[in-house]
Amino acid sequence: MASADIVIGGGGIIGLSTAIELAGTGLRVRVLERGRAMAEASWAAAGMLAAEDPENPEELSPLAGLSRDLYPNYLRRIEHLSGHCVPVRTRNALQATRRGGSFHCSETATRRPISIESAREKVGSLAAEGRSFLWLEEWSLDPRDLCAALPPAAANAGVIIDEKAEIRSVRWKPGGIEIESSSGTLSAGIFVNCCGAWAAGVMPEARDEQAREAAAQPIVEPRKGQMLTIRLEDPQELACVVRTPEIYLVPRGDGRVVIGATVERAGFDREIDHASLDRLRMQAAEIWPPAAQAPVVERWTGLRPGTADDLPVIGPAGGPGDDGNYWLATGHFRNGILLAPATAAVLAQMIRGESPAVSLEAFAPDRGVSR
């Protein structure tokens, strides 16, 4: 039977970032990916590092801030390992309220409010009437750049990636975990479930009713998102992210602008609903009218891993008799790209027996959230 120190389920940005972090400490790490690495939610994402988005749950702030601060070194490390550059596409975001809305004092205490006139100076053709604005120092990336860079980066860090290896069962055994997948059986000291929207189906087999109750955790479910890309004739026509509570426009710097996104409880359905995307585009045009006329060049869907409280699940999640063999790092919902460096860092700290850099109490697998 093949073995590894740590087996990670899921080859998205959370799984591969965690694998690179752990492999850097000298551990033998293997990743099992049911399809192709970086081909699910990571590929479908918009790529905003929206650590200060007022729509984020308050409990997310410390982890999001840590991850934002880690990003420059994270990108340098990925480029060094892979030889692929992951450029920063935009460095600012214009955050707007709904029409007729305003920000709370808590939302402007550490963020920079600007006038309608200033907002129009930063974004030409902006339909600003009836809204309030914040100007945020916030990066965005093209996740497709990360999709090209992360798998070779992990491989060059010494991580073994098994693609088309669907996990069939996870079983406790004395001193570790046994994982059976479509590519064979593995023995590991630790298994980390980074399976995203599929995480609920990759749970250890309960040994008895007591173990089943002790392993109770927040339910992770797929949240479908539909998005589209338009193309501008002049790439400089939009140079920053524009975001409202309903929509966002994310320029790639080359004329492409991503518009997103729906949030749907539709199971694992991936069908594109063109009428929904047309409505999304019209919502974008309500704040930035050029979006109505620019040609659409791509439409797609993705499946985000969501939880009932919209917070990730990070930490050990074993039952009685488990000695820290089974861990969860999933449920990152709309912030997987942002939270990957910090998630990898704090997981590695905890697995080494160290205190994490920020409190993870809000993300504990046993926090008792139910749908």
Side-chain angles (χ1 to χ4, degrees), residues 1-24 27-45 78 81-82 143-144 146-173 175-206 215 217 220-222 267-268 270 302-305 313-314 317-318 322 325-332 336 340 343-344 347-348 351:
M1 184 187 302
S3 65
D5 295 319
I6 297 180
V7 170
I8 293 174
I13 188 172
I14 300 297
L16 292 187
S17 298
T18 301
I20 290 170
E21 187 73 22
L22 291 168
L27 294 168
R28 295 175 301 137
V29 183
R30 195 163 190 143
V31 173
L32 301 179
E33 165 53 48
R34 63 188 297 278
R36 185 165 52 86
M38 296 293 292
E40 294 291 350
S42 302
W43 177 88
I78 297 307
L81 285 168
S82 69
R144 312 290 171 86
L146 283 167
C147 291
L150 266 175
N156 289 332
V159 177
I160 297 174
I161 303 174
D162 293 334
E163 296 185 318
K164 297 184 179 178
E166 185 169 4
I167 296 173
R168 292 172 175 163
S169 68
V170 179
R171 298 183 293 271
W172 273 293
K173 67 171 193 173
I177 292 280
E178 187 173 281
I179 306 101
E180 182 182 345
S181 77
S182 54
S183 67
T185 303
L186 281 168
S187 173
I190 290 174
F191 176 77
V192 186
N193 183 343
C194 301
C195 293
W198 290 266
V202 187
M203 298 298 301
E205 297 176 358
Q217 62 185 288
V220 178
E221 64 172 0
F268 290 94
R270 296 173 178 274
L303 299 175
R304 315 175 188 91
V313 185
I314 304 172
D322 172 44
N325 305 121
Y326 178 77
W327 296 69
L328 281 159
T330 185
H332 292 76
T343 299
L347 262 178
I351 287 172

Next on the checklist: Over 60° means perpendicular and under 30° means parallel, so tell me whether W172 and Y326 are parallel, tilted or perpendicular.
Outcome noted: perpendicular
Checklist entry - Do the charged groups of E163 and R36 touch, with an N to O distance under 4.0 Å? => result no
Distance-minimising heavy-atom pair for [X] and [Y]:
{"X": "R304", "Y": "A197", "value": "O-CB, 4.1 Å"}
{"X": "V31", "Y": "G10", "value": "CG1-O, 3.6 Å"}
{"X": "P151", "Y": "A37", "value": "CG-CB, 4.1 Å"}
{"X": "A4", "Y": "V7", "value": "CB-CG2, 4.1 Å"}
{"X": "I179", "Y": "A188", "value": "CD1-CB, 4.1 Å"}
{"X": "P305", "Y": "V220", "value": "CB-CG1, 3.9 Å"}

Do side-chain atoms of [X] reach the backbone of [Y] as a donor and acceptor pair under 3.5 angstrom?
{"X": "T330", "Y": "G196", "result": "yes"}
{"X": "N325", "Y": "I177", "result": "no"}
{"X": "S42", "Y": "I13", "result": "yes"}
{"X": "R144", "Y": "W43", "result": "yes"}

How long is the straight-line distance from [atom2] of [Y] back to [atom1] of [X], given to the nearest 0.5 Å?
{"X": "M203", "Y": "C195", "atom1": "CE", "atom2": "SG", "answer": "10.5 Å"}
{"X": "E33", "Y": "K164", "atom1": "CD", "atom2": "NZ", "answer": "11.5 Å"}
{"X": "L150", "Y": "I20", "atom1": "CG", "atom2": "CD1", "answer": "5.0 Å"}

Item to check | side-chain contact (heavy atoms from CB on, under 4.5 Å) against A148, all qualifying residues, sequence neighbours excluded | outcome: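 For A148 the side-chain contact (heavy atoms from CB on, under 4.5 Å) partners, ignoring immediate neighbours, are H84.
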Item to check | R28: partners by side-chain contact (heavy atoms from CB on, under 4.5 Å), with sequence neighbours left out | outcome: S3, D5
Item to check | Criterion side-chain contact (heavy atoms from CB on, under 4.5 Å) against I8, the qualifying member of L32, V29, V159 | outcome: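 The side-chain contact (heavy atoms from CB on, under 4.5 Å) with I8 is passed solely by V29 among L32, V29, V159.
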For [X], all residues meeting side-chain hydrogen bond (donor to acceptor under 3.5 Å, both in side chains), sequence neighbours excluded:
{"X": "S182", "value": "none"}
{"X": "R34", "value": "none"}
{"X": "S183", "value": "S181"}
{"X": "T18", "value": "none"}

What I'd like to find out is whether the side chain of [X] reaches to under 4.5 Å of the side chain of [Y], using heavy atoms alone.
{"X": "H332", "Y": "I314", "result": "yes"}
{"X": "I6", "Y": "I351", "result": "yes"}
{"X": "I161", "Y": "L16", "result": "yes"}
{"X": "L22", "Y": "L347", "result": "no"}
{"X": "W198", "Y": "L303", "result": "yes"}

